[in-house]
Amino acid sequence: MSHSRIPQFYKFSVADRLRALLERDVISETEYDMLVDGTHLLDADKADRLIENVIGAFGLPMGLGLNFQINDRDYLIPMVVEEPSIIAAVSSAAKLVRRAGGFTSRAERPMLIGQIQVVNVPHAAHAKQAILQSREEILNLANSLHPNMVARGGGARDIEVLTHGATAEHGEMLVVHLVVDTRDAMGANLVNTMCEGAAPLIEKISGGEVFLRILSNLTDRALVRARCVIPPSLLEAGEYSGTEVRDGIILANEFAEMDPYRATTHNKGIMNGIDAVAIATGNDWRAIEAAAHAYAARTGRYRSLTRWTADDDGNLVGELELPLKVGTVGGQVESNQAVKIAHRVLGIDSAAELAEIMCAVGLAQNFAAIKALSTHGIQRGHMTLHARSVAMAAGATEDQFDEVVDRLIAGGDIKVWRAREILAELGENRSKAARSTTRSAEPEVIGHGDAVGDMGYGKIIVLGEHSVVYGRHAIAAPIPLNVRAEVRPQPEQIDLLIPRWGVEMRFSEPEGKISSLHESITLIAERLGVADRGMRIDVFPRVPRANGLGASAALAVAVIRAMARCFDIKMSEREISNLAFDVEKIAHGTPSGIDNTLATFGRPILFRKDNPTARPEIRDLATARPIPVVIGLSGVATLTAQTVGNVRAAWQKSPSRYEAIFDQIDGLALAGVDALARGDIAELGDLMNIDHGLLNALQVSSWEIEELVEIARTHGALGAKLTGGGGGGAMIAVAEADKIQDVASAMRVAGYNSFITEIRS
């Protein structure tokens, strides 16, 4: 195959596409005939020889991913998938990356692990040592079972022994890993046979009893890495500049690194491409999926498999690493003519090459998805089919259908109950139109399409956590993450939807236990005098929950602003902040007032409130230059109310001791004002380090936070400390501009999420 670019391929008929492949020698005459007349497909008789209880054969579309250049070679990539837009999106992404030099992809030598479970072990440590000392004997036995694999350069390469402690009823447990090079085969049967054959010898050596012996699908000894580098000039999209698209993609990926709910969908998009190639090439896509998702959670927190960053030249750099153990030989290829054709189209020489292609496809699919999401969105293209099926399920007639679909997509809430509401509105509007011919016009009512929205800011506390609750000073700054809310009038009830947090709350339906969120929204509506009005509240949070970054206050401010604007209620910023403070009492018990202040005003401040009934002292802070900051997320959810309560209990037990600590923290905060004014990052860092030690003395840190602080300081941070309530949540670090990326990257390498921001006046 000379080229993966076939211009206007999508406009061809199926017959013309096949003719184009034949002319380019991508397929043979025989394969062309089979594809034309359908004889490449499984029939029921052939299928009956592959699985049990066959009643027929099931078909899925097979298409081609175009434009791919991987490791300086062109590929046409067969993909089997039922979901529309996937192949078009990946081909478009590959075309753009091709202009930037294409993808590079590298596969490690692929190894499979077979696991032999040993129980009732008399002495685990002795058994482990004995097994390791018998390494060569075990490997020789395993390899004797598959001499042909050894002759091809594969076979059992190593053993590992893991101790898992005591079981409930079967004593100590050991697990022996047999590490096997299966070359171009998927290798499941081969590895299982080796495990079975080695089991009696391992029983003899260990003195225990072998129970399970089977391969593991966590193929982390078969890692593949794909990479692409794209200059901003190629990223322009309509009104979005290349740098805006680049930064949007990076921010979208940071969201997936921080939030497992987003990471799940993010990684599903990667697997959209990889699975489609796996199915086309006869590989076990379920095993590939299991390995990828297990690898995404290898640190104990589920996170993005990709990483998108900017290099020193401002280029967008995309990287994907995941385990991919695939095969190009064996029954799965020989038994299915469609799979054989797919391999012919690919023109690959090894399983490693196939894994490299699949990894590049996954990276391209991810790029296409987050580029769309961070610019014009994917709703109209990707969600249209879903909206159409929902409209049909709701009973939309032919003359109502298109309008219902359009409203569902515009609102973003594509559900049957919402479609039925739209149908009811359409019926009501028609009734009004009919009545208008017999009576005078009534006052116009704002419809569901007239949503108004606003936002509240997230925050970090630079210096002064906890002591601020006791009348001391604190320095706080906004972060470039916010919570946006939209409110629109609707008949009767109040609905609250926060899809990202899985919240769908209808206030007319009684709750068994009133949640703090329910209580908060009710309080806002009552204070604004609209509790008896129907409305729909959509909330779009970008601040991670329960991380000490002010998510609850940002949500309160966003909803207050949006609700006030929707119903034309005039409120000052101070009134918004005061109401948000009362809402914060529901979530946190005794808040300091700093979160609602930052969420409202969104600028760096020095904050102090020494009397619960008095107005806080708020002073805007100036910085001589932007101060680079890394925010590290521990992955441990934290409840500010709990840590504040713990500190209060300790203070009540020994007030003089804790007042002295609060005074020291207060002095650090005041010194921090001068450091910011001078732009003295080194001085600010020293103050933060001391403050963190005092916060640790208050017992509000955690081992994850301590690890992040150590990582930051080791990699060039001048100061690092927890931020917010503690007990988990987040930490912050400051460093000079040339070190800030090193700090953030080190946190990610250690398995934590991080993102970079800055303090500026």
Side-chain angles (χ1 to χ4, degrees), residues 113 115 117 160-167 173 175 177 216-225 253-268 270-271 287-308 319-324 366 500-502 543-549 551 630-640 642-643 696 699-715 720-733 743-755:
I113 291 175
Q115 293 188 297
Q117 178 195 21
E160 302 166 345
V161 185
L162 289 74
T163 56
H164 288 310
T167 64
M173 182 195 296
V175 177
H177 280 183
S216 168
N217 287 124
L218 178 51
T219 53
D220 57 0
R221 311 303 168 84
L223 293 179
V224 189
R225 299 171 182 88
N253 195 83
E254 287 176 339
F255 181 13
E257 289 182 344
M258 297 175 192
D259 187 319
Y261 291 92
R262 173 62 200 142
T264 302
T265 307
H266 181 96
N267 290 342
K268 185 266 183 186
I270 295 169
M271 304 313 293
I288 291 169
E289 279 268 355
H293 295 302
Y295 192 70
R298 64 193 181 279
T299 64
R301 295 180 302 109
Y302 188 86
R303 57 180 295 181
S304 164
L305 287 165
T306 57
R307 183 167 181 261
W308 292 92
E319 297 169 302
L320 170 60
E321 178 185 88
L322 78 166
L324 266 177
N366 178 249
R500 197 164 293 171
W501 292 352
V543 183
R545 297 176 83 179
N547 274 273
L549 298 176
V630 175
I631 300 176
L633 301 181
S634 71
V636 178
T638 178
L639 294 176
T640 301
Q642 182 176 336
T643 55
N696 211 336
Q699 302 182 58
V700 295
S701 188
S702 68
W703 73 263
E704 295 90 353
I705 291 293
E706 293 304 311
E707 183 175 35
L708 279 164
V709 167
E710 179 61 27
I711 290 169
R713 293 173 181 169
T714 302
H715 289 84
K721 61 179 285 293
L722 69 82
T723 187
M731 55 76 67
I732 57 173
V743 175
S745 297
M747 292 178 185
R748 294 189 183 111
V749 169
Y752 294 99
N753 291 325
S754 66
F755 61 95

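Note that this is a predicted model, so its numbers are computed, not measured.
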Nearest-0.5 Å distance that lies between atom [atom1] in [X] and atom [atom2] in [Y]:
X	Y	atom1	atom2	value
Met258	Ile631	CE	CD1	7.0 Å
Leu633	Met731	CG	CE	10.0 Å
Ser304	Ile270	OG	CD1	5.5 Å
Ser745	His715	OG	NE2	9.5 Å
Arg262	Arg303	CZ	CZ	15.0 Å
Ser634	Glu706	OG	CD	11.5 Å

Applying salt bridge (charged side-chain N to carboxylate O under 4.0 Å, His left out), can you list everything that pairs with Glu321, at least two apart in sequence or on another chain?
Arg225
Taking only residues two or more places apart in sequence, or in another chain, which ones meet Arg307 in a salt bridge (charged side-chain N to carboxylate O under 4.0 Å, His left out)?
Glu319
Is the shortest side-chain heavy-atom distance between [X] and [Y] below 4.5 Å?
X	Y	result
Leu320	Asn366	no
Met271	His293	yes
Ile732	Lys721	yes
Thr306	Asn253	yes
Ile705	Asn696	no

Under the 3.5 angstrom rule, does the side chain of Arg221 hit a backbone N or O of Ile113 as a donor-acceptor pair?
no
Test item: Asn267 side-chain N/O and Leu305 main-chain N/O as donor-acceptor pair under 3.5 Å:
yes
Worked verdict on Thr723 versus Leu549 for side chain to side chain contact (heavy atoms under 4.5 Å, CB included):
CA-CA 8 Å; Thr723 187; Leu549 298 176; 4.3 Å; yes
One pair to check against side chain to side chain contact (heavy atoms under 4.5 Å, CB included): Thr264 and Lys268. What are the steps and the verdict?
CA-CA 6 Å; Thr264 302; Lys268 185 266 183 186; 5.7 Å; no
Evaluate the criterion side chain to side chain contact (heavy atoms under 4.5 Å, CB included) for residue pair Thr219 and Leu324; output intermediate values, then yes/no.
CA-CA 7 Å; Thr219 53; Leu324 266 177; over 6 Å; no
Kindly indicate, with the supporting measurements, whether the criterion side chain to side chain contact (heavy atoms under 4.5 Å, CB included) is fulfilled by Arg298 and Leu218.
CA-CA 10 Å; Arg298 64 193 181 279; Leu218 178 51; over 6 Å; no
So that I can tick it off, tell me whether Arg748 and Glu254 are bridged by a salt bridge, with the cut-off set at under 4.0 angstrom between side-chain N and carboxylate O.
yes
Can you name the residues that form a side chain to side chain contact (heavy atoms under 4.5 Å, CB included) with Arg301, not counting sequence neighbours?
Thr299, Tyr752, Asn753
